[in-house]
Structure formats: C-alpha cells, structure tokens
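First up is the structure itself, then whatever we jot down about it.
Every chain is numbered from 1, with letters handed out A, B, ... down the list of sequences. The figures here come from the full heavy-atom set of this structure, side chains too, leaving out hydrogens, waters and symmetry mates.
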Protein chains: 2
Amino acid sequence: MKTKGETRASDVHTRMRADILSCELKPGDKLRFEALKDRYDVSFSTLREALARLSAESLVVSEGQRGFVVAPVSIADLKDLTNARVLLEREVLRLSMEYGDDKWEADILASYHRMDRLQTRLGAHYYFDEEWARLHGAFHRSLVCACKSPVLLDMRLHLFDRANRYRRMSSQFRTKWRPKDVEHKAIMDATLDREPEALDLIGRHIRETTENVIEFAGHLFVQDEVTASVV
Amino acid sequence: MKTKGETRASDVHTRMRADILSCELKPGDKLRFEALKDRYDVSFSTLREALARLSAESLVVSEGQRGFVVAPVSIADLKDLTNARVLLEREVLRLSMEYGDDKWEADILASYHRMDRLQTRLGAHYYFDEEWARLHGAFHRSLVCACKSPVLLDMRLHLFDRANRYRRMSSQFRTKWRPKDVEHKAIMDATLDREPEALDLIGRHIRETTENVIEFAGHLFVQDEVTASVV
DNA sequence: ATCCAGTAGATTTGCGAAATTTTTCCTGTC
DNA sequence: GACAGGAAAAATTTCGCAAATCTACTGGAT
C-alpha cells in the first residue's frame with residue numbers, strides 16, 4: 001500500500017475495488033457516473049481513470065460507448081477461475097517450498113496464528129467477517145510469497161481476489177460449517193515439512209471451496225454466460 | 001477488435017500499447033503529458049485514462065505523483081516471464097489438444113501456412129518484420145485457442161505480449177538465424193497428432209527464444225532490478 | 001395491434017484551465 | 001568547498017463544462 005504518494009484517483013480505484021470484491025457493488029450493476037461521483041465525491045475524469053484501471057483488471061466491463069458495468073458472475077467463469085487458480089497456486093507453492101527460508105516459515109506460522117485466533121473468537125460466523133477474510137488472504141499469501149516470481153504472484157493474487165468475490169456472495173446462504181478448521185492447518189504443516197502432498201492439499205482446498213460456493217449460491221449466477229475476453 | 005464503438009481513449013490505449021511493445025517508446029522512458037499530447041493529439045484526461053489502463057497491464061509504471069514511465073526491462077523479469085509462460089503455455093496447449101475439433105485443426109494449418117509463406121518471402125530478415133510478428137502471434141494463438149479457458153488465454157496473451165517486447169529489442173542485434181524454421185512445424189505436427197511431446201517442444205521453444213534474447217541483447221537490460229509488484 | 005421513424009432526455013466522452021505537487025536552481029551560511 | 005533552506009519553474013493531478021452519443025418515448029403509418 002502506498003502511504004505517501006496516494007493520488008485521489010488511485011484512492012478511488014482502491015475503494016471501488018473493495019466495494020466490488022465485497023459485493024457492495026453487485027455483479028451486473030450499471031455504474032452511472034452521476035451516482036458514483038456522489039458516492040466517492042470526485043469528478044468525472046478521476047472516476048474515469050479508476051474505471052479504466054478496474055476494466056483492465058476485468059472487475060468491470062466497458063460496453064463500447066454505453067458506459068461501465070460491474071463484471072457479471074457465472075458458473076462457467078467460476079469454474080474457469082478455479083482451474084486456473086489450482087494451476088498457479090500449485091506452482092507458486094512448489095517454488096516456495098523449494099526456496100523458502102526461516103523467515104518464510106516464521107511468517108506462515110504467525111499469519112496462521114492470527115487467522116486461527118480470530119476464527120476461534122468469532123465461532124461459526126467467521127465466514128462473514130471482513131477482518132477474517134483479510135487474515136485468510138494474508139495466510140494464503142504467506143504460504144507462497146517465497147516463490148521468487150513477481151509475475152506468478154501478481155496473477156495469483158488477481159485470481160484470488162476474483163474468486164473471493166464468489167466466496168463472499170455465497171457466505172450469506174451457507175448453512176454448512178466446519179466446527180474447526182483443520183484444512184488450513186494440514187496445508188501449513190505439509191508445506192513447512194516440504195511434503196509434496198501439500199500441492200494436492202492446496203488444490204483440493206480450492207476445489208472444495210468452489211463446490212461449496214456453487215452448492216449454496218449457484219442459483220445466483222448466470223448459467224451459460226461466458227465473460228467475454230478481449231481478443 | 002472493436003470496429004464500431006471505438007472511443008478516443010481506447011484508440012490511444014491501443015496505439016500506445018503498440019508503440020511500447022514495438023519499443024518505439026523505450027523501456028524506462030519518462031512519459032511526459034505535454035509530449036504525449038502532441039504525439040497522439042489528445043487531451044490530458046484522455047491520455048490519463050489510456051495510461052491507467054497500461055499501468056494495470058504493467059506496461060507502464062506509475063510512480064505516485066511523479067508521473068508515468070515505460071515499464072523497465074531486466075534479465076530477472078525476462079526469466080520470470082519465461083517460466084510463467086512455459087507453465088501457462090503447456091497447460092493451454094494440453095487442454096487444446098484435449099478439446100480441439102476439426103475447425104481448430106484447420107485454423108492451425110491455415111495460420112501456419114500464412115506465417116510460413118511470409119517467412120519464405122522475407123528470407124532471413126523475417127525477424128524484424130511487423131507483419132511476421134503478427135502472423136507469428138496468430139499462429140501461436142491458434143494452437144491454444146481451443147482450451148476453453150478465457151482466463152488462461154487472457155493471461156497467456158498478456159505474457160506473450162510482454163515477452164514479445166524483449167524479442168523485438170533483441171532482433172536488431174541478432175546475428176544467428178535459422179535458415180529454415182523447423183521448430184514451428186514440429187510443434188504443429190506434434191500438436192495435431194495429439195502427441196504429449198508437443199508440450200515439451202513448446203516449452204523448449206519458449207526457453208530457446210529467451211536464451212537467444214539474452215545472448216544478443218542482454219547488455220541492454222538492467223541486471224539486478226526487479227520490476228516491483230504492487231502488493 | 002405492430003412496426004418504424006423522429007425527437008427529447010439522459011449519459012458518456014473529450015477538452016483546456018486551475019490547483020497541487022515535485023523538481024530545479026539559486027543563495028547564504030558553516 | 002559543501003550543505004541546508006527556500007523560492008521559482010516545470011510537471012502532474014484534478015475539476016467542471018461543452019459536445020457527441022446513446023436510450024426511451026411519442027406519434028403516425030401500414
């Protein structure tokens with residue numbers, strides 16, 4: 001995060017991004033400039049810059065000269081996202097297990113502890129919590145951040161965020177909860193022990209989450225629609 | 001390509017993108033608004049939108065409130081890019097070989113033929129040619145476009161373009177040429193025959209290109225600098 | 001009743017001037 | 001001679017308005 005040179009535009013970009021990922025701006029919503037200008041208290045041009053950035057991140061889609069829309073969600077998109085995530089996440093975890101040093105291991109233990117403590121405190125409702133989502137993201141990042149590949153890490157984070165939008169959409173419909181989270185612990189232990197099994201665990205973890213999302217929130221998504229790729 | 005709803009901003013974005021990828025705007029160049037306004041004949045806001053898009057594509061980097069710079073090049077970045085490309089390219093090729101139908105095969109043959117014909121016509125200088133670069137890109141895309149994963153295809157194209165910038169930078173210093181291009185033919189044949197060997201061939205193809213780029217143009221790149229990732 | 005065309009209203013896009021920030025360069029002091 | 005302080009200059013960022021474009025609605029003809 002930039003602490004000093006934070007421009008108005010990048011600030012709006014960050015806030016809109018958060019609003020889209022947390023589904024405060026719902027998929028498919030039309031983004032009218034007048035309303036957004038009011039909401040974020042900035043001018044047309046500044047908004048336009050933020051929307052252009054989000055558009056390049058495929059969080060909003062621009063429809064020619066007909067304005068911007070929050071990127072739609074679909075089962076096809078979620079499945080596609082999931083497959084891509086498994087591919088990338090396995091690779092960055094493999095590389096991290098190869099290159100990771102003492103500091104890496106310590107960071108993993110620390111971020112797991114933070115996540116686990118909050119989870120215990122919140123009980124079954126952790127899944128709704130903003131702060132838990134942040135710590136969960138930080139834990140997963142700590143697992144793979146030793147892979148020495150900025151390119152892969154950027155792509156991974158990008159996909160993680162996009163997938164997180166689906167997870168949050170499903171959270172309010174969820175009725176099945178694990179009493180205690182054992183998955184993350186197992187992934188961490190296998191990773192720290194450099195067991196190749198960790199790769200399968202992380203892959204299964206991602207796929208299971210996706211299956212749950214589809215089970216509980218699949219009715220919210222468009223079935224056939226495929227998010228257009230700009231080719 | 002949009003033929004109708006082409007806005008001024010997306011047009012400038014496209015042209016600047018091309019200028020960066022073809023190294024007409026050199027890596028590290030400071031992008032001053034006054035000069036760009038003159039060059040592309042547009043206003044501040046329009047430029048700003050295009051730059052924001054390019055920034056999200058990591059083709060330009062924004063330095064807080066100190067303007068924009070064409071993304072720098074480095075050996076570390078090229079190697080990182082190469083590894084990521086091999087991972088993705090193998091996967092989309094594998095999937096395409098699984099899902100590809102008759103039309104896919106026909107498109108591969110057609111785009112190979114177009115590339116091969118131009119190469120024969122141009123002789124050893126094909127490597128400099130803009131049109132050949134386009135046909136080369138189209139051939140590689142045709143190999144993998146049956147993979148049914150918009151997410152992976154977008155990421156692949158993104159990395160391909162970024163790597164292409166390095167290839168073009170090296171072309172003017174190149175002294176070693178293959179008399180006849182046999183690599184692409186071999187990749188195509190193995191792909192159409194659904195031989196798993198195709199995956200290794202494409203991986204080796206990418207790595208060899210990178211090695212040549214480093215051999216002939218390595219002196220142009222910054223050694224240590226690592227392109228900062230926005231995390 | 002349906003379809004097409006033309007017009008009014010709403011929305012987006014583009015522009016250049018003002019405000020803010022960074023950089024440069026000059027001056028005075030240690 | 002080097003270094004900090006400060007003011008002028010240059011560049012970037014932001015803003016509100018005018019022009020272009022799209023959407024919706026009304027009215028008339030088939």
Side-chain angles (χ1 to χ4, degrees), chain A residues 1-20 25-72 228 230, chain B residues 1-20 25-72 228 230:
Chain A
M1 313 283 181
K2 300 172 194 169
T3 50
K4 204 173 183 182
E6 183 128 344
T7 65
R8 203 118 179 77
S10 75
D11 178 47
V12 174
H13 170 247
T14 306
R15 281 197 288 159
M16 272 188 87
R17 191 186 154 80
D19 287 345
I20 291 172
L25 294 172
K26 295 195 189 70
D29 274 2
K30 185 104 179 48
L31 295 169
R32 287 195 187 74
F33 280 85
E34 208 58 53
L36 265 56
K37 196 162 89 90
D38 202 41
R39 196 186 212 282
Y40 298 104
D41 192 40
V42 286
S43 71
F44 290 98
S45 322
T46 309
L47 267 178
R48 186 148 256 287
E49 183 182 334
L51 284 168
R53 286 231 183 95
L54 292 166
S55 169
E57 290 178 88
S58 42
L59 289 176
V60 312
V61 293
S62 91
E63 309 170 302
Q65 275 144 324
R66 287 191 294 278
F68 294 87
V69 170
V70 178
V230 192
Chain B
M1 315 283 181
K2 298 172 195 171
T3 50
K4 207 173 181 181
E6 182 128 345
T7 64
R8 200 111 182 78
S10 75
D11 178 47
V12 174
H13 170 247
T14 307
R15 281 197 289 159
M16 274 189 86
R17 192 187 153 81
D19 287 346
I20 291 171
L25 295 172
K26 296 194 187 71
D29 273 1
K30 186 105 179 51
L31 295 169
R32 285 195 189 73
F33 279 87
E34 210 56 57
L36 266 55
K37 197 163 90 89
D38 202 40
R39 195 187 213 282
Y40 297 103
D41 192 40
V42 286
S43 71
F44 292 102
S45 324
T46 309
L47 268 178
R48 186 150 256 285
E49 183 181 333
L51 284 169
R53 286 229 184 98
L54 293 167
S55 169
E57 291 177 88
S58 40
L59 289 176
V60 312
V61 292
S62 91
E63 307 170 305
Q65 276 143 324
R66 289 192 292 277
F68 295 86
V69 170
V70 178
V230 192

Exercise for the section: Pick base, sugar-phosphate or nothing for L36(A), based on heavy-atom distances below 4.0 Å to the nucleic acid. Expected result: nothing

Exercise for the section: Pick base, sugar-phosphate or nothing for L47(B), based on heavy-atom distances below 4.0 Å to the nucleic acid. Expected result: nothing

Practice task
Could you tell me whether R15(B) and D11(B) have a side-chain N and a carboxylate O separated by less than 4.0 Å?
Solution key: yes

Check the distance between [N]'s [atom2] and [X]'s [atom1] and give it to me in whole angstrom.
| X | N | atom1 | atom2 | answer |
| --- | --- | --- | --- | --- |
| E63(B) | dT21(C) | CD | P | 18 Å |
| D38(A) | dT11(C) | CG | P | 13 Å |
| R8(A) | dA19(C) | CZ | C1' | 13 Å |

Exercise for the section: Assign the ring pair F44(B) / F33(B) to parallel, tilted or perpendicular, where the plane angle (0 to 90°) is split at 30° and 60°. Expected result: tilted

I want to check one thing: is the phosphate of [N], taken as OP1 and OP2, less than 4.0 Å away from some side-chain N or O of [X]?
| X | N | answer |
| --- | --- | --- |
| T7(A) | dT12(D) | no |
| R66(B) | dA11(D) | no |
| Q65(A) | dC22(D) | yes |

From [options], nucleotide with atom closest to [X] side chain:
| X | options | answer |
| --- | --- | --- |
| R32(B) | dT12(D), dT14(D), dT12(C) | dT12(D) |
| A9(A) | dT14(D), dT12(D), dT12(C) | dT14(D) |
| F33(B) | dC15(C), dT12(D), dT12(C) | dT12(D) |

Practice task
Look at atom NZ of K26(A) and say whether more than 12 heavy atoms of other residues, nucleotides or ligands are closer to it than 6.0 Å.
Solution key: no

Completion exercise
Heavy-atom nearest nucleotide on DNA chain D taken for S45(A) and for R48(B); more 5' hit belongs to R48(B)

Fill in the blank from the handout: Residue pair F44(B)/K37(A) against DNA chain D: nearer the 5' end by closest nucleotide is F44(B)

Fill in the blank from the handout: side-chain hydrogen bond (donor to acceptor under 3.5 Å, both in side chains) test vs H13(B) passes for just one of E49(B), E57(B), R8(B), namely E57(B)

